[in-house]
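We name chains A, B, ... by the order of the sequence lines, and we start the count at 1 in each one.
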Number of protein chains: 2
Amino acid sequence: MADRDRQYVESLARGLSILESLSRSQKPLGNGDLAKMTGLAASTISRLTHTLTVLGYIRLNRAYRGYELTPKNLTLGYPVLAEMRLLEQARPHLERLSHATGETTALAVRDKLHIIFVAVIEGENLVAVRLATGGRLRIPVSAAGAALVAALPEDERRMLLARVRADMTRNGQDAKSFLDTVAACRRDGAAVVRNKWRTGIGGISVPVLHNGEYAALTIPVATGSVSEETMRTTLADALKEVAGILGPVLPPPEAP
Amino acid sequence: MADRDRQYVESLARGLSILESLSRSQKPLGNGDLAKMTGLAASTISRLTHTLTVLGYIRLNRAYRGYELTPKNLTLGYPVLAEMRLLEQARPHLERLSHATGETTALAVRDKLHIIFVAVIEGENLVAVRLATGGRLRIPVSAAGAALVAALPEDERRMLLARVRADMTRNGQDAKSFLDTVAACRRDGAAVVRNKWRTGIGGISVPVLHNGEYAALTIPVATGSVSEETMRTTLADALKEVAGILGPVLPPPEAP
DNA sequence: CCTTCTTTTCCGCAGAGCGAAACCACTTTC
DNA sequence: GAAAGTGGTTTCGCTCTGCGGAAAAGAAGG
């Protein structure tokens with residue numbers, strides 16, 4: 001695109017990129033860190049963090065000598081949670097399922113090339129990673145990602161797959177395994193991913209369509225404790241049952 | 001302040017004010033609505049909403065012909081939820097309590113003159129309002145607000161009370177009832193508010209201090225179903241028990 | 001079709017926001 | 001103690017970004 005988008009407000013985008021950087025960091029970040037991550041000048045970062053601090057979105061964590069996000073950021077997600085009918089209907093089922101299996105259950109939606117956890121019901125069985133509402137994963141490393149791709153109508157699915165492949169290629173990754181997972185999900189109705197994101201972590205996921213919106217029911221597991229067999233049978237069946245209560249069977253039946 | 005804050009980035013603040021307006025609206029908002037609410041020119045709003053749309057924070061809801069927040073906003077709250085030790089420890093207790101009482105339980109923190117719900121565990125008993133993580137209430141109408149004020153050390157409490165009173169006075173409200181609630185909380189260890197925010201809605205709340213951070217355990221109730229007596233005895237005692245597990249007894253004992 | 005309302009784009013302009021450099025504050029090293 | 005290192009803030013000259021009024025375009029309703 002030769003011409004700059006005249007309607008795009010760069011300063012706003014820069015401020016939000018700081019919030020995003022903080023949202024992906026495990027610890028508070030100093031202005032120098034943020035300058036490195038965003039490529040912006042230190043004085044620009046200083047002004048932006050100052051503004052975000054005055055507005056209440058970040059605060060300085062003195063112990064770590066860096067900025068962290070404040071609870072005020074939760075308010076930006078409130079209507080998403082409060083107005084999501086699917087979440088309302090799915091939550092009791094996810095809670096029952098978590099209780100019955102001992103596993104963590106979650107609902108995820110797609111955001112471009114990532115999935116975002118909308119709700120996470122923690123189970124007794126520990127997964128060696130901190131999961132919470134708002135957490136996100138790249139589509140190719142997550143069962144929910146594969147399920148969400150598999151559920152799409154043909155045109156959309158092809159386009160999204162092309163973008164995912166391009167992204168993976170750009171990062172020097174082989175897309176074959178992911179494509180196989182998507183194909184398997186289309187055949188079996190559930191996606192299984194093991195040790196893709198991290199060793200020891202996997203997931204089983206089933207897509208659901210509700211009011212024209214796609215989402216994925218998913219169970220992240222510790223692969224050291226839960227066998228692939230269990231994922232493909234017990235857990236998959238349980239998820240499919242819930243999905244069937246919430247919406248039409250996905251992916252739509254199709255010749256192999 | 002005579003001199004403008006040279007380090008404050010107005011464009012960023014304007015964009016965020018749009019996200020905030022949407023976070024407080026029950027339905028999608030058009031650019032005209034947003035222009036009225038923020039006082040900015042329509043063309044400015046159009047550019048800002050365009051930018052937020054490109055970045056993925058809002059989308060146009062065609063059915064309602066207005067913008068709404070996307071799940072991407074949840075990611076900004078993720079580290080708050082993932083890193084909050086108090087939430088981690090409180091959640092199982094809140095869940096047990098919700099199950100035992102049938103009521104909704106929640107954890108709230110303060111954000112200037114508001115409280116923000118960090119976690120909401122829905123119970124069987126319905127409260128005629130949609131509660132969710134990220135929801136917020138003004139301090140004077142919420143039990144959690146009174147509890148959070150009551151728990152503060154003297155200096156901080158006086159300063160915050162002065163600000164709350166000034167705000168209430170500016171809005172033509174009488175602060176006496178709120179001050180009484182705070183005083184009662186300091187005496188009893190729990191704050192009870194009924195029908196202040198809305199008729200039919202009330203709350204019982206107990207403050208907790210954890211790692212130098214104040215929070216409030218709270219149970220919102222339907223005042224038509226739950227008596228003040230039950231709130232002050234059964235529910236208050238249950239909350240105090242949980243608070244005692246999580247941190248020191250609050251408010252600190254003090255001569256009346 | 002016309003009218004009305006809403007939104008987007010255009011465009012002149014000034015000041016907002018930029019980044020390099022200077023300055024500041026604190027810590028570490030010698 | 002002085003000097004160097006580290007991280008952050010403020011200044012300041014400058015330009016181009018973002019502004020808002022006006023015009024154009026789009027959408028909805030009759």
Side-chain angles (χ1 to χ4, degrees), chain A residues 1-70 212, chain B residues 1-22 24-70:
Chain A
M1 182 157 75
D3 286 341
R4 176 181 172 265
D5 179 357
R6 303 271 316 278
Q7 309 303 318
Y8 188 82
V9 183
E10 193 70 52
S11 299
L12 172 58
R14 288 175 164 190
L16 288 168
S17 79
I18 287 181
L19 293 181
E20 282 177 34
S21 295
L22 289 169
S23 79
R24 296 187 202 127
S25 171
Q26 305 264 58
K27 57 181 182 57
L29 298 173
N31 281 346
D33 302 318
L34 291 165
K36 282 201 209 83
M37 293 169 80
T38 59
L40 300 171
S43 57
T44 297
I45 294 291
S46 183
R47 269 184 284 101
L48 292 173
T49 51
H50 166 72
T51 303
L52 291 169
T53 300
V54 168
L55 292 172
Y57 289 96
I58 66 176
R59 66 191 166 203
L60 194 57
N61 179 322
R62 292 204 173 278
Y64 288 90
R65 303 174 57 195
Y67 291 100
E68 64 189 7
L69 295 163
T70 65
Chain B
M1 182 158 68
D3 286 341
R4 178 180 171 267
D5 180 354
R6 303 261 327 269
Q7 310 303 319
Y8 189 82
V9 182
E10 193 71 50
S11 301
L12 172 57
R14 288 177 165 189
L16 288 169
S17 78
I18 288 183
L19 293 181
E20 283 178 32
S21 296
L22 289 169
R24 296 187 201 125
S25 171
Q26 305 264 58
K27 57 181 182 57
L29 298 174
N31 280 346
D33 303 318
L34 290 164
K36 281 202 210 85
M37 293 169 79
T38 58
L40 300 172
S43 57
T44 297
I45 294 290
S46 182
R47 270 184 284 104
L48 293 173
T49 52
H50 167 71
T51 303
L52 291 169
T53 301
V54 169
L55 292 173
Y57 289 97
I58 66 176
R59 67 191 165 202
L60 193 58
N61 180 320
R62 291 204 172 279
Y64 289 89
R65 300 170 58 197
Y67 290 101
E68 63 189 8
L69 294 164
T70 66

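To the nearest angstrom, P of dT11(D) lies 11 Å from CG of Asp5(B). Counting to the nearest Å, the P atom of dG7(D) and the CG atom of Leu34(A) are 13 Å from each other. If you take OH of Tyr8(A) and C1' of dG17(C), they are 16 Å apart, rounded to a whole angstrom. Whole-Å rounding puts the Arg4(A) CZ to dT17(D) C1' distance at 6 Å.
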Worksheet, complete the sentence: Nucleotide by nucleotide, nucleotides 5-14 of chain C touches protein heavy atoms under 4.0 Å in the pattern (B base, S sugar-phosphate only, - none) --SBB-B---

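In terms of heavy atoms, Leu12(B) sits closest to Leu16(A) at CD1-N, 4.3 Å. Here the shortest heavy-atom pairing between Ala35(A) and Ile45(A) reads CA-CG1, 3.7 Å. Across Ser11(B) and Ser11(A), no two heavy atoms sit closer than the pair CB-CB, 3.9 Å.
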Worksheet item: Could you go step by step and tell me if Leu52(A) and Leu19(A) meet the side chain to side chain contact (heavy atoms under 4.5 Å, CB included) rule?
Response: CA-CA 9 Å; Leu52(A) 291 169; Leu19(A) 293 181; 3.9 Å; yes

Item to complete: Under the side chain to side chain contact (heavy atoms under 4.5 Å, CB included) rule, what do Tyr8(A) and Thr51(B) come out as? Steps first, then yes or no, please.
Response: CA-CA 5 Å; Tyr8(A) 188 82; Thr51(B) 303; 3.9 Å; yes

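Side chains of His50(A) and Asp5(B) form a contact here, defined as non-hydrogen atoms less than 4.5 Å apart.
Within the structure, a side-chain polar atom (N or O) of Ser11(A) is placed less than 4.0 Å from OP1 or OP2 of dG18(D).
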